Amino acid sequence: MLTIKQITENKEAVLERLAVKNFKNPALVDEIIELDSNRKKIQFQGDSLQAELNKIAKEIGGLMKSGKVQEAEQLKKRNTEIKEETAKLNQELAATEEKLNSLLVQLPNLPHASVPVGKSAEDNVVVRSGGEIPTLGEKAIPHWELAKKFDIIDFELGTKLTGAGFPVYKGKGAKLQRALINFFLEEATAAGYREFMPPLMVNEDSGFGTGQLPDKEGQMYHVTIDNFYLIPTAEVPVTNIFRDVIVSSSELPIKATAYTPCFRREAGSYGKDVRGLNRLHQFDKVEIVQVAHPSKSYEILEQMVAHVEGLVKKLGLPYRILRLCGGDMSFTSALTYDFEVFSSAQQRWLEVSSVSNFESFQANRLKLRFREEADKKTMLAHTLNGSALALPRIVAALLENNQTEKGIKLPEVLVPFAGFEYID
RNA sequence: GGAGAGAUGGGUGAGUGGCUGAAACCAACGGUUUGCUAAACCGUCGUACUCUGCAAAGGGUACCGGGGGUUCGAAUCCCCCUCUCUCCGCCA
């Protein structure tokens with residue numbers, strides 16, 4: 001969430017930035033500022049009274065020791081009065097803080113200056129593209145049919161075991177998953193990311209820290225008996241490693257990577273978008289996360305984009321990189337690049353990665369700070385993350401784009417990991 | 001799941017009602033000493049909010065796992081919760 005300081009010190013700029021995210025509610029911002037100023041007043045009153053109370057309590061202690069019981073009793077009465085007043089103020093303070101917090105949490109992150117204005121995905125800007133779209137013509141088979149033909153992914157079986165959106169990978173299909181995961185992890189660790197294997201369920205605090213709670217509660221599977229949430233992305237556990245942490249500026253940037261399955265309820269999705277591997281309730285993904293110094297975070301964002309670009313290039317997939325417009329960005333992000341690969345039987349672009357800078361928005365929730373070596377001051381760090389990469393749509397594109405007479409031809413880079421060249 | 005023990009600052013760990021935001025030691029940082037390293041010695045060494053101030057700086061409040069209570073006053077007493085450890089049971 002935004003810090004109160006950000007809001008009170010730059011109200012006009014904040015409103016202007018929020019408008020880019022199509023968040024137009026100046027009254028809410030005014031209310032926040034008002035509540036904050038109330039909070040300060042109440043706290044000052046309460047603190048002053050408490051100071052008096054503490055002082056008197058000490059005096060009583062002294063009097064009791066020297067046997068001046070009557071004088072002590074007099075003072076006790078005074079303190080009892082003060083206590084009633086502080087109790088009232090404390091209640092007021094708690095109520096004000098709670099209200100303030102509930103409003104603060106409703107404000108999305110401020111978009112970066114480079115974020116295009118726009119309402120929907122149509123207003124996203126293509127930054128660059130690469131690779132060649134293969135011309136397969138009319139005979140191109142969509143991946144869900146190829147998956148069936150080669151018996152590598154079984155959607156019906158998954159439905160039997162669990163439900164729609166939980167496919168079963170079989171034979172070379174399963175091995176391909178493993179090859180991709182290993183390939184992505186090797187690339188990430190070679191780029192200096194430290195590998196983690198986090199829990200796949202998180203508690204409420206973690207869900208709040210990265211911004212899934214309370215806004216997107218419905219997106220996650222909730223294990224109510226223990227009040228845990230199945231992770232929708234490794235971002236949640238990996239970023240929360242740094243919750244309530246103060247690191248030295250010399251340790252930045254911190255680079256972490258993790259492979260995890262991801263679980264998403266995707267309530268309300270339907271139609272051709274969800275066909276085959278296009279949208280699943282459980283899928284595999286390798287995530288990269290960085291904790292960065294605020295002065296470096298945008299430079300780092302570009303590095304992360306370059307890393308992901310390297311992956312799709314090595315896989316030989318036709319891709320494009322989009323800068324998301326204000327209306328299409330997530331609640332928590334300040335700047336997001338989406339990667340899409342072209343899947344040539346479906347004749348459409350599929351999103352395979354989303355790389356974002358959250359600036360201090362998550363860090364504020366996480367209480368993730370760093371200490372500047374030079375002046376010893378603590379500041380909120382910046383957090384970034386990106387998919388590198390999400391598997392299902394990569395597999396969809398690979399199957400469709402690489403279909404040949406002899407079967408599905410694997411990209412060179414995957415052959416050592418998979419142990420075969422063709423799915424046939 | 002049953003029984004018991006515990007949770008204090010970066011770490012170890014003292015502290016059972018006031019002089020304790022918290023001893024001591026270790027680590028870390030700054031300095032003195034030193035040919036260098038080490039040792040020794042001196043100093044610094046939590047976080048958040050807030051008030052005064054242009055600032056430098058100074059003051060206040062809160063925090064000893066979390067929440068509530070007793071008391072003029074709580075790390076210390078009471079209640080609830082969470083977590084950790086040990087033993088038993090179960091088990092990959």
Side-chain angles (χ1 to χ4, degrees), chain A residues 1-9 32-105 197 199-209 213 223-229 237 240-252 254 291 360 362-381:
Chain A
M1 59 189 164
L2 301 177
T3 62
I4 294 179
K5 243 187 160 181
Q6 273 176 296
I7 297 165
T8 52
E9 285 176 6
I32 286 172
I33 293 172
E34 168 91 29
L35 278 168
D36 183 50
S37 118
N38 279 345
R39 186 195 111 251
K40 288 183 182 178
K41 277 183 211 146
I42 298 165
Q43 185 175 340
F44 181 63
Q45 281 177 43
D47 282 1
S48 305
L49 277 177
Q50 187 65 45
E52 197 184 338
L53 195 138
N54 288 347
K55 209 180 108 202
I56 293 174
K58 267 183 193 166
E59 282 174 32
I60 293 173
L63 290 170
M64 300 284 262
K65 258 188 194 155
S66 52
K68 297 176 182 165
V69 180
Q70 287 206 321
E71 285 176 52
E73 288 301 320
Q74 280 300 107
L75 287 178
K76 277 192 195 180
K77 270 183 214 159
R78 260 179 67 196
N79 251 11
T80 312
E81 283 167 27
I82 295 175
K83 244 174 71 174
E84 273 175 40
E85 230 173 306
T86 49
K88 221 192 298 173
L89 283 169
N90 282 338
Q91 237 173 12
E92 224 177 296
L93 183 66
T96 307
E97 278 177 342
E98 197 183 321
K99 177 80 182 159
L100 180 61
N101 235 321
S102 73
L103 296 186
L104 215 44
V105 168
M197 228 192 219
L200 306 182
M201 289 193 263
V202 293
N203 59 28
E204 242 177 304
D205 286 346
S206 295
F208 177 82
L213 295 175
V223 182
T224 51
I225 192 167
D226 292 305
N227 199 24
F228 292 152
Y229 293 88
N240 271 281
I241 290 171
F242 307 103
R243 171 151 51 84
D244 285 318
V245 164
I246 302 177
V247 299
S248 164
S249 59
S250 62
E251 295 170 55
L252 299 176
I254 299 169
V291 178
S360 60
Q362 288 182 333
N364 189 31
R365 290 172 161 231
L366 294 160
K367 296 199 174 40
L368 163 51
R369 290 159 291 174
F370 69 95
R371 197 185 308 280
E372 194 71 77
E373 289 268 292
D375 60 9
K376 305 286 175 199
K377 290 230 168 83
T378 59
M379 285 170 65
L380 292 173

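In what follows, chains carry the letters A, B, and so on, assigned in the order in which the sequence lines appear, proteins first and then strands, with residues in each chain numbered from 1. All values reported here derive from a predicted model rather than from experimental measurement.
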Any protein N or O atoms within reach of nucleotides 51-58 of chain B? Criterion: under 3.5 Å, listing atom names and distances.
none

5' precedence on RNA chain B between Ile246(A) and Lys76(A) (nearest-nucleotide basis): Ile246(A)
Working to the nearest 0.5 Å, report the span between NZ of Lys76(A) and NZ of Lys83(A). 11.0 Å
Please check the phosphate of rU50(B) (OP1 and OP2 only) for any side-chain N or O of Arg39(A) closer than 4.0 Å. yes
Can you work out whether Arg369(A) or Ala51(A) has the more 5'-proximal nearest nucleotide on RNA chain B? Arg369(A)
C1' atom, rG69(B) versus rU52(B): distance in rounded Å? 36 Å
In this structure, CZ of Phe242(A) is separated from CD of Gln362(A) (nearest 0.5 Å) by 12.0 Å
Find the distance Leu53(A):CG to rG60(B):P and express it as a whole number of Å. 15 Å
Return yes if a side-chain donor-acceptor contact under 3.5 Å exists between Glu251(A) and Ser248(A), otherwise no. no
For rA28(B), the Watson-Crick or wobble counterpart (both distances under 3.5 Å): rU44(B)
Please report the distance, rounded to the nearest Å, between CG in Asn54(A) and C1' in rU71(B). 14 Å
Does the distance from a Lys or Arg side-chain N to an Asp or Glu carboxylate O, for Lys55(A) and Glu52(A), drop under 4.0 Å? no
What is the pairing partner of rU34(B), taking Watson-Crick or G-U wobble pairs with both distances under 3.5 Å in any strand? none
May I ask which nucleotide in the shown strands pairs with rU70(B), Watson-Crick or G-U wobble, both distances under 3.5 Å? none
Is the distance from OP1 or OP2 of rG10(B) to the nearest side-chain N or O of Ser248(A) less than 4.0 Å? no
For Ser360(A) and Ala363(A), indicate whether the former's side chain and the latter's backbone hold a donor-acceptor pair under 3.5 Å. no
Ranking rC72(B), rU47(B), rU50(B) by distance to the side chain of Thr378(A), first place goes to rU47(B)
Nucleotide paired to rA14(B) in any strand shown, Watson-Crick or G-U, under 3.5 Å: none
Looking at residues 79-100 of chain A, who's got a heavy atom less than 4.0 Å off RNA chain B? Asn79(A), Lys83(A)
Could you tell me the Watson-Crick or G-U partner of rC87(B), where both distances fall under 3.5 Å? Say none if there is no partner. rG2(B)
Would you say the side-chain atoms of Asn54(A) and Gln50(A) include a donor-acceptor pair closer than 3.5 Å? yes
Can you give me the N/O atom pairs linking the protein to nucleotides 18-21 of chain B at distances under 3.5 Å, or say none if there are none?
{"from": "rG18(B)", "atom 1": "N2", "to": "Ala57(A)", "atom 2": "O", "distance (Å)": "2.6"}
{"from": "rC19(B)", "atom 1": "N4", "to": "Lys65(A)", "atom 2": "NZ", "distance (Å)": "3.2"}

Audit row: Asp36(A), Ile7(A), side chain to side chain contact (heavy atoms under 4.5 Å, CB included) steps and yes/no: CA-CA 10 Å; Asp36(A) 183 50; Ile7(A) 297 165; over 6 Å; no
Take Asn240(A) and Leu366(A) through the test side chain to side chain contact (heavy atoms under 4.5 Å, CB included) and record every step on the way to the result. CA-CA 7 Å; Asn240(A) 271 281; Leu366(A) 294 160; 3.2 Å; yes
Choosing from rU47(B), rC49(B), rU61(B), which nucleotide comes nearest the side chain of Gln50(A)? rU61(B)
Is there a Watson-Crick or G-U wobble partner for rG21(B) with both distances under 3.5 Å, and if so, which one is it? none
Taking everything shown except Glu372(A) itself, do over 12 heavy atoms lie less than 6.0 Å from its CD? yes
Taking any strand in view, what nucleotide pairs with rU52(B) in a Watson-Crick or G-U wobble way, both distances under 3.5 Å? rA57(B)
